[in-house]
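Read the structure below first, then the notes.
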Amino acid sequence: MPEGHTIHRAARLQSKRFVGTELRVSSPQGRFDEGASLLDVHAVTEIDAWGKHLFYRWDHGHTLHVHLGLFGKFRIHADDPPPPTDGTRLRMVSERGTLYLSGPTDCRVIDPEEEDRIVSDLGPDPLRKKTHVSAVEHIETYLGRRTVPIGAALLDQSVICGIGNVYRAEILFRLGINPHIESRRLEAGDVQRIWDESVTQLRLGERNGRIVTTEPEDVGRRRRSDIARGERTYVYKRRGEPCRRCGTEIERADMKGRKIWWCPSCQP
DNA sequence: GCTGCATGATGAA
DNA sequence: TCATCCTGCAGCA
């Protein structure tokens, strides 16, 4: 599901299947017919992820921009794909597989200026190897200028990109930071810790293909791979349930139009 | 079959 | 802050 880890994983896995071979591109749903005809019977040279954005670069100079939004989904079939559904915006077929995309917020062929605009509006991406010169400095500069709760700041993609509603809640829990704390009142070193934790957690999510932020010892398991559904987060969607560390009831509030969860004891 | 909700983001008011 | 866009699914009758 679509936070930054999903997008970077999609770029990595789809590269193997779709880069460097001629593709058949169509829009079974019909809503991407024009774009598909621009790309059909050409090859992708690179699939690049920035935060929650994907850029497919084609051999004839076009760029396909995909943003999954809340509902977007990729489905990949190695062979014998089922028939596309009514919601299949994009179908891409190579000799190594078929990709279906449904429900994206954005699926468009864009020009270089627009790509620049999208990327330059993004803060540092914890999953990009070569990131901002100083990611922490960028984040601190922003946070020092605005008076927003840190929980809201983490959803602002121009501050740090790729974090979504699950990771914002889970990262703050793991660091013991209350989401309501005004971001410019964070303690020294907190931004560095937030950055480091984001790198750690998003990398883990990219590798696993799912968000698992709990440590085995906190959910009574010996191995991370054993962690069951419903045990993968500390606070996300756990209102009223006991904190896995201290037993206090998890609380929930609205923040920046989304729900946020926290443990009032572990995150004072 | 219907309702509500969801890991996102934007633009108007 | 609200309405809007995008889809799929669980939960309920």
Side-chain angles (χ1 to χ4, degrees), chain A residues 1-11 27-33 35 49-55 64-76 82-91 99-108 110 114-115 117-123 125-127 148-149 151-174 179 197-198 201-214 227 229-240 250 252-262:
Chain A
M1 304 30 187
E3 296 194 23
H5 68 298
T6 308
I7 305 310
H8 281 262
R9 184 179 170 88
S27 180
Q29 180 190 53
R31 294 186 51 182
F32 184 58
D33 281 340
W50 279 92
K52 301 172 187 170
H53 299 260
L54 272 175
F55 300 97
L64 169 66
H65 174 240
V66 171
H67 191 294
L68 294 181
L70 194 50
F71 310 130
K73 230 175 216 101
F74 290 115
R75 291 179 182 81
I76 292 183
T85 61
D86 290 348
T88 306
R89 180 84 54 89
L90 166 72
R91 171 171 54 193
L99 173 149
Y100 290 149
L101 168 65
S102 67
T105 285
D106 206 2
C107 172
R108 281 183 307 129
I110 60 171
E114 182 150 21
E115 182 175 346
R117 191 183 54 72
I118 292 169
V119 171
S120 65
D121 282 349
L122 296 173
D125 179 344
L127 286 179
V148 284
L154 290 184
L155 281 189
D156 184 336
Q157 304 296 300
S158 68
V159 177
I160 176 171
C161 73
I163 290 180
N165 208 26
V166 181
Y167 279 125
R168 80 155 165 177
E170 293 297 307
I171 287 169
L172 290 175
F173 174 85
R174 289 181 54 98
E197 189 64 24
S198 303
Q201 291 302 321
L202 287 171
R203 273 191 192 156
L204 213 58
E206 198 274 348
R207 241 194 336 269
N208 295 334
R210 62 171 60 133
I211 299 175
V212 181
T213 58
T214 45
I227 295 178
R229 283 167 65 87
E231 297 186 333
R232 292 174 187 164
T233 57
Y234 284 107
V235 292
Y236 177 72
K237 273 193 179 167
R238 295 194 67 237
R239 176 168 73 151
I250 301 302
R252 186 185 82 178
D254 285 324
M255 183 178 284
K256 224 197 171 192
R258 317 286 302 278
K259 299 208 175 5
I260 177 98
W261 295 260
W262 74 99

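In the text below, chain A, chain B and the rest are named by the order of the sequence lines, each starting its count at 1. Quick caveat, the model's predicted, so the values are computed rather than measured. Note that these values count all heavy atoms, side chains included, but never hydrogens, waters or copies made by symmetry.
- Between the P atom of B:dT7 and the CG atom of A:Leu154 lies a distance of 15 Å, rounded to the nearest Å.
- No engagement by A:Arg210 is indicated, since no non-hydrogen atom pair under 4.0 Å with the nucleic acid exists.
- At least one side-chain nitrogen or oxygen of A:Gln157 sits closer than 4.0 Å to the OP1 or OP2 atom of B:dA9.
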Tabulated below should be each protein N or O lying under 3.5 Å from an N or O of nucleotides 2-6 of chain B; please produce it.
| unit_1 | atom_1 | unit_2 | atom_2 | d |
| --- | --- | --- | --- | --- |
| B:dA6 | O3' | A:Tyr236 | OH | 3.4 |

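- Contact of the A:Tyr236 side chain with the A:Ile211 side chain is not registered, since no non-hydrogen atoms from C-beta on lie closer than 4.5 Å.
- Evaluation of the ring pair (Phe, Tyr, Trp, His ring centres under 6.0 Å) rule for A:His53 yields A:His65, A:His67 as partners, not counting sequence neighbours.
- B:dG4 and C:dT4 are spaced 16 Å apart, taking the P atom of each and rounding to whole Å.
- Residues meeting the side-chain hydrogen bond (donor to acceptor under 3.5 Å, both in side chains) test with A:Glu114, sequence neighbours left out: A:Arg108, A:Arg117.
- Remark: P of B:dT7 and CD of A:Glu170 are 12 Å apart, rounded to the nearest angstrom.
- Residue A:His67 places at least one side-chain N or O closer than 4.0 Å to OP1 or OP2 of B:dA9.
- Every side-chain contact (heavy atoms from CB on, under 4.5 Å) that A:Pro104 has, sequence neighbours left out, goes to A:Arg89, A:Leu101, A:Cys107.
- Contacts of A:Pro28 classified as side-chain contact (heavy atoms from CB on, under 4.5 Å), with partners at least two apart in sequence or in another chain: A:Ser26, A:Pro84, A:Thr88, A:Arg91.
- Here the side chains of A:Ile7 and A:Leu127 are not in contact, with every heavy-atom distance at 4.5 Å or above.
- Per the geometry, NZ belonging to A:Lys73 stands 10 Å off C1' belonging to B:dT7, to the nearest Å.
- Between A:Leu101 atom CG and B:dG8 atom P there is a gap of 17 Å when expressed in whole angstrom units.
- Under the ring pair (Phe, Tyr, Trp, His ring centres under 6.0 Å) criterion, A:Tyr100 pairs with A:His77, not counting sequence neighbours.
- Residue contacts shown for A:Ser102 are limited to sugar-phosphate atoms, with no base heavy atom under 4.0 Å away.
- The backbone N or O of A:Ile110 sits nowhere less than 3.5 Å from a side-chain atom of A:Glu115 that would complete a donor-acceptor pair.
- Partners of A:Ser198 under the side-chain contact (heavy atoms from CB on, under 4.5 Å) rule, at least two apart in sequence or in another chain, are A:Pro126, A:Ile160, A:Ile163, A:Ile171, A:Ile194.
- Rounded to whole Å, the distance from CZ on A:Arg108 to P on B:dT10 is 11 Å.
- Taking the side-chain contact (heavy atoms from CB on, under 4.5 Å) definition, one finds that A:Thr214 meets it with A:Val212, A:Val219, A:Ile227, A:Tyr234, A:Arg244, sequence neighbours left out.
- Chain A approaches DNA chain C within less than 4.0 angstrom (heavy atoms of the protein), and the contacting nucleotides run 5' to 3' from C:dC6 to C:dG8.
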Using Watson-Crick or G-U wobble pairs with both distances under 3.5 Å, give me DNA chain B in dot-bracket, 5' to 3', with [ ] for crossers and | for pairs to another strand.
||||||.|||||.
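- Atom C1' of nucleotide B:dT7 and atom CZ of A:Arg9 are separated by 15 Å, given to the nearest angstrom.
- Checked against salt bridge (charged side-chain N to carboxylate O under 4.0 Å, His left out), A:Lys259 has the following partners two or more places apart in sequence or in another chain: A:Asp254.
- To the nearest angstrom, C1' of B:dT7 lies 16 Å from CG of A:Leu204.
- Across C:dC2 and B:dC5, the matching P atoms stand 15 Å from one another, rounded to whole Å.
- For the ring pair (Phe, Tyr, Trp, His ring centres under 6.0 Å) test, residues two or more places apart in sequence or in another chain that qualify with A:Tyr167 are A:His5.
- Between the C1' atom of B:dA9 and the CD1 atom of A:Ile7 lies a distance of 13 Å, rounded to the nearest Å.
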